[in-house]
There are 2 protein chains.
Amino acid sequence: MDVKTIQLKKTILEDNDRDADLLRRQMEDQRTCYMNIMSSPGSGKTTTLIRTIRTLEEIAREEGREPLKIGVMEADIDSDVDARTIIEETGAPAVQLHTGGMCHLDADMSRQGLAEIGAGDLDLVFLENVGNLVCPAEFDTGAAMDIVILSVPEGDDKPLKYPLMFREADVVLVNKIDAAPVFDFDKERFRANLGSCNEDAPVFFISAAKGEGAREWCSWLDQQVRSYLDK
Amino acid sequence: MDVKTIQLKKTILEDNDRDADLLRRQMEDQRTCYMNIMSSPGSGKTTTLIRTIRTLEEIAREEGREPLKIGVMEADIDSDVDARTIIEETGAPAVQLHTGGMCHLDADMSRQGLAEIGAGDLDLVFLENVGNLVCPAEFDTGAAMDIVILSVPEGDDKPLKYPLMFREADVVLVNKIDAAPVFDFDKERFRANLGSCNEDAPVFFISAAKGEGAREWCSWLDQQVRSYLDK
């Protein structure tokens, strides 16, 4: 199967923050809810996306609504396995963005991807950012919402060590929650650690692989997207 | 307990590669084996260090040798929990290096840390680099050896996605190996994926928390360090 792979050009723009605000307004005007997913490598971003896309479809079907038109941009330093997986598992359009060794995406790189995926015809576009808890937090991608995923094996202390990432989060997903007993992950300790840098972000505990918690997370997300599109 | 925390100054030097070679020669001349540990957040770098320091001591004791004089530099964007843990759990001297938001360490930042920890009196200094599978691979720290840790829950496909990091590795530790059945981690698939970017690095499968494989890894490491010191 052919996966469209885009080699991103390095941004020349000096002021990424201003460009990100511009992109956010453009997406609002064209009614595309653009969301940026960030996490460490291997925390389950792709599996979470697959589970999320399927559950959003289920919710729409049960409520007799048209499903959201969803697309996915998979950013990676190399390889196209993630875009391929998304297409095979969900049927959603997906493109692979190659960052050319860069450890993050900025607003202009996002814009290149959004153009390639045809965001104008989509309700919701997810960006799976490069797996990295540090640099992506420093670059506003112009997304309407920053979703941060932490997986249980990484430990409940991570907000103390990567405070900027957790401060930037609009919502936090704690994935692989079924492994909590094995890894001595304490939900309340995690909430306390998160609270030290972010008091506002809702937290959902999920197992993307097994489905636990997915319904609660996606009901919330569905509401956020619909209220964005109705603005 | 007071942990010495050093705010690293940003490097002004243009040519990090040349500076790294210089630092490597300086460490060789003063007989300090300096090793750089890199991994994702939460893969168990600190736990691996504790297990490694203890096991190296055991090996020396059993063989009737003086234990190696070991120090640890804990690099982090924020917090000093790791240096504190090392001191409490092993008694080894440890300093905390704050990178001021930077996602990696370079040679000059390493030099600042090595001076602070008094590397001249130590046989072996470990740097626990910032948890990040991307950027630290791009900056030579001047270390004699690059140790890359991958943890089982991150998945056996990571060398495909972060090829530079795995290409730079002189040795790869696969940690949390006791969790392999839970996470469908296949050792042979991992070896094949690693082989696509690095055919030389030996691989050790360990559980730093439980001790599995630690002896084999540390016997190999002990030999590497002693042959370095005897050069």
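Just so we're clear, the structure is a prediction, and the values are computed from it rather than from any experiment. Heavy-atom basis, side chains included; hydrogens, waters and symmetry copies ignored. The chains referred to below are lettered A, B, ... by the order of the sequence lines, with proteins before strands, and numbering in each begins at 1.
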Point to revise | Part of D178(A) lying under 4.5 Å from any heavy atom of chain B | key: neither
Point to revise | Contacting region of P153(A) [heavy-atom separation from chain B under 4.5 Å] | key: both
**Study point:** Gap separating the CD atom of E154(B) from the OG atom of S151(A), nearest 0.5 angstrom
**Key:** 8.0 Å
Practice item. Below 4.5 Å from any heavy atom of chain B, which atoms of K158(A) appear? Answer side chain, backbone, both or neither. Key: side chain
Check your understanding: For V152(A), is it the side chain, the backbone, both, or neither that has a heavy atom closer than 4.5 Å to a heavy atom of chain B?
Key -> neither
Review point. Given that the side chain runs from C-beta out, which part of A209(A) has a heavy atom under 4.5 Å from chain B: side chain, backbone, both or neither?
Key: neither
Check your understanding: With distance as the sole test, does Y162(B) use its side chain to make a donor-acceptor pair with the main-chain N or O of P41(A) at under 3.5 Å?
Key -> no
Exercise for review: Decide if atom CZ of R18(B) counts as having more than 12 heavy atoms of other residues, nucleotides or ligands within a radius under 6.0 Å.
Suggested key: no
Check your understanding: Is there a side-chain contact between N132(B) and S40(A), using heavy atoms and a 4.5 Å cut-off?
Key -> no
Check your understanding: Near E216(A) CD, under 6.0 Å, is it more than 12 heavy atoms from other residues, nucleotides or ligands?
Key -> no
Check your understanding: Taking every heavy-atom pair that is under 4.5 Å apart, which of D82(A), V81(A), L150(A) has the most such pairs with chain B?
Key -> D82(A)
